[in-house]
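Only heavy atoms go into these numbers, but all of them, side chains included; no hydrogens, no water, no symmetry mates.
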Protein chains: 2
Amino acid sequence: MDGRFNLDNQLCFRLYTASRLITQAYHPLLSEYGLTYPQYLVLLVLWEKDAQPVNDIAKRLLLETNTVTPLLKRMEAEGILTRTQGIKDARQMIVSLTPKGRNLQKKLSAVPETVGSSVLCDSVTPATVPGLFGMLDGIINQLKNNKNEDNQ
Amino acid sequence: MDGRFNLDNQLCFRLYTASRLITQAYHPLLSEYGLTYPQYLVLLVLWEKDAQPVNDIAKRLLLETNTVTPLLKRMEAEGILTRTQGIKDARQMIVSLTPKGRNLQKKLSAVPETVGSSVLCDSVTPATVPGLFGMLDGIINQLKNNKNEDNQ
DNA sequence: TATATTTGCATCGTGAACGATATAAATTAT
DNA sequence: ATAATTTATATCGTTCACGATGCAAATATA
């Protein structure tokens, strides 16, 4: 009768499920190199720009530092990156790739293409993806703004 | 130069972020009643059809039983539901709502509307949501099928 | 009817997420 | 310059996710 509570009418459940399933699709490709998906995201950020403070990495990923710090420590223990105290600002920890961390980019070069092609289907094609990106960006920006308003 | 690894070109990062942020939007509404978002999902399933075995709940949410079992135990400890051994099949645990669990539906009646309206923006409107749902369903079904093929 | 396999659920270990809180360095105000 | 505030990061506790594994009940096979 009342469809408000029907799982099939829920945007969030779709996002939650799609996110989990696509992360699972990354798993076999990343675990070969001992990486998790969030760790892979950190690598994307550092390949883009090396030697960033924790805060910049967290902001780029829209995560809190209390999520990123332990993640970075695990990656440091794996020899993928280093964390060194900032010179200009002693509070900052500057995160830099090791050679091992840089080399992973070549080893993982097939990952985006492999995962990307695994989600293609009738309703998700090169033609429809820009529209999907636009809607997801809209949702993300909207929710980001709502959060900022609350914290004022 | 090579945009494959750019965070802004990644579908998964968008899904991951959108999922996290919208779950955060649920948080203040649900925590008032001591619920988490995955627990709310279990309630949606049980409000739809009470007295289901663990397996049916897990399948409906596309989760594994090793994720759902501890979650159900916490909800049982809160007095939201009961878990009783199946009669026809002694391996099954039948999960049923308590009066408290049923009453939560009235108390949370404003949640879908509240969260739903919080994501509306230029690119996400009642007119565009069906298209978004279709694409997310396409991705989910595609990845679900890929998983099943692997397990054969 | 024994034996083998499958099924349903649970346990365990690891790694996120995240709210709440702590701490020290930097900045601002007095 | 001293005190108050802000900022950058870290610690802690709880709750997912999920791969790996275990176990007992049910089913299939020999």
Side-chain angles (χ1 to χ4, degrees), chain A residues 12-13 16-28 30-32 34-42 52-59 61-78 80 83-95 147 150-151, chain B residues 12-13 16-28 30-32 34-42 52-59 61-78 80 83-95 147 150-151:
Chain A
C12 185
F13 177 60
Y16 163 78
T17 302
S19 172
R20 281 192 311 104
L21 292 181
I22 195 165
T23 300
Q24 288 175 27
Y26 274 96
H27 185 262
L30 297 178
S31 67
E32 192 172 347
L35 293 170
T36 64
Y37 181 69
Q39 290 175 7
Y40 173 70
L41 290 181
V42 168
Q52 296 191 54
V54 174
N55 212 9
D56 289 16
I57 297 172
K59 280 216 167 66
L61 299 178
L62 299 178
L63 290 167
E64 303 296 322
T65 61
N66 57 358
T67 296
V68 174
T69 291
L71 209 155
L72 293 174
K73 285 187 166 185
R74 282 186 284 268
M75 295 177 79
E76 185 182 36
E78 296 292 328
I80 294 168
R83 305 180 320 123
T84 57
Q85 195 164 27
I87 303 169
K88 279 174 51 182
D89 188 332
R91 292 170 303 180
Q92 290 187 333
M93 288 296 278
I94 307 298
V95 180
K147 264 180 82 168
D150 289 350
N151 295 343
Chain B
C12 186
F13 177 60
Y16 163 79
T17 303
S19 171
R20 281 192 312 103
L21 292 181
I22 194 165
T23 299
Q24 287 174 29
Y26 275 95
H27 185 261
L30 297 179
S31 67
E32 192 173 347
L35 292 170
T36 65
Y37 180 69
Q39 291 174 7
Y40 173 70
L41 290 181
V42 168
Q52 295 191 55
V54 173
N55 212 9
D56 289 16
I57 296 172
K59 280 216 167 64
L61 299 177
L62 298 179
L63 289 167
E64 303 296 321
T65 61
N66 57 357
T67 298
V68 174
T69 292
L71 208 156
L72 293 174
K73 284 186 168 186
R74 281 187 284 269
M75 295 177 78
E76 184 182 35
E78 296 292 328
I80 294 168
R83 304 181 318 123
T84 56
Q85 194 164 25
I87 304 170
K88 275 174 54 182
D89 188 331
R91 292 170 303 180
Q92 291 185 333
M93 288 295 279
I94 307 298
V95 180
K147 265 180 78 168
D150 288 351
N151 295 344

Item checked: Range on DNA chain D touched by chain A, heavy atoms, distance below 4.0 Å -> D:dT7 to D:dG19

Notebook entry, point to check: Should the heavy atoms of other residues, nucleotides or ligands under 6.0 Å from CD of B:Glu64 be counted, would the total exceed 12?
Noted result: no

Margin query: side-chain contact (heavy atoms from CB on, under 4.5 Å) for B:Leu35 and B:Ile80? Distances and angles first, verdict last.
Written below: CA-CA 10 Å; B:Leu35 292 170; B:Ile80 294 168; 3.7 Å; yes

All N/O pairs under 3.5 Å across the protein-nucleotides 7-9 of chain C interface:
unit_1	atom_1	unit_2	atom_2	d
C:dT7	O2	B:Arg91	NH1	2.7
C:dG8	OP2	B:Asn55	ND2	3.2
C:dC9	OP1	B:Val54	N	3.4
C:dC9	OP1	B:Met93	N	2.9
C:dC9	OP2	B:Asn55	N	2.7

Notebook entry, point to check: Atom CE of B:Met93 and atom NZ of B:Lys73: how far apart are they, to the nearest 0.5 Å?
Noted result: 8.0 Å

Checklist line | Plane angle bin for A:Tyr37 and B:Tyr16 - parallel if under 30°, tilted between 30 and 60°, otherwise perpendicular | finding: perpendicular

Check: Mind checking whether B:Leu71 and B:Met75 have side chains closer than 4.5 Å, heavy atoms only?
Finding: yes

Notebook entry, point to check: Which value, rounded to the nearest 0.5 Å, describes the distance between A:Thr65 atom OG1 and A:Asp56 atom CG?
Noted result: 12.0 Å

Notebook entry, point to check: Is there a donor-acceptor pair closer than 3.5 Å between any side-chain N or O of B:Arg20 and the backbone N or O of A:Leu62?
Noted result: yes

Item checked: Per-nucleotide pairing state of DNA chain C [Watson-Crick or G-U, under 3.5 Å; [ ] pseudoknot-crossing; | other strand] -> ||||||||||||||||||||||||||||||

Next item on the list: Nearest 0.5 Å please: distance from the OG1 atom of B:Thr17 over to the CD1 atom of B:Ile22.
Entry: 12.5 Å

Item checked: Atom pair CD (B:Gln39) and CZ (B:Arg74), whose distance is rounded to the nearest 0.5 Å -> 7.0 Å

Next item on the list: Please round to the nearest 0.5 Å and tell me the distance separating atom OG1 of A:Thr23 and atom CG of A:Leu30.
Entry: 9.5 Å

Checklist line | Non-neighbouring partners of B:Glu76 that pass side-chain hydrogen bond (donor to acceptor under 3.5 Å, both in side chains), sequence neighbours left out | finding: B:Arg83

Next item on the list: Give the rounded distance in Å between these two atoms: CD of A:Gln85 and P of C:dA25.
Entry: 8 Å

Please produce a list of atom pairs where a protein N or O lies less than 3.5 Å from an N or O of nucleotides 15-18 of chain C.
unit_1	atom_1	unit_2	atom_2	d
C:dA16	OP1	A:Thr36	OG1	2.7
C:dA16	OP2	A:Gln39	NE2	2.7
C:dA16	OP2	A:Arg74	NE	2.8
C:dA16	OP2	A:Arg74	NH2	3.4
C:dA16	O5'	A:Arg74	NH2	2.7
C:dA17	OP2	B:Tyr16	OH	2.6
C:dC18	OP1	B:Gln24	NE2	2.7
C:dC18	OP2	B:Arg20	NH1	2.6
C:dC18	OP2	B:Gln24	NE2	3.4

Notebook entry, point to check: How would you list, by chain and number, every residue that makes a side chain to side chain contact (heavy atoms under 4.5 Å, CB included) with B:Asp89, sequence neighbours excluded?
Noted result: B:Arg91, B:Gln92

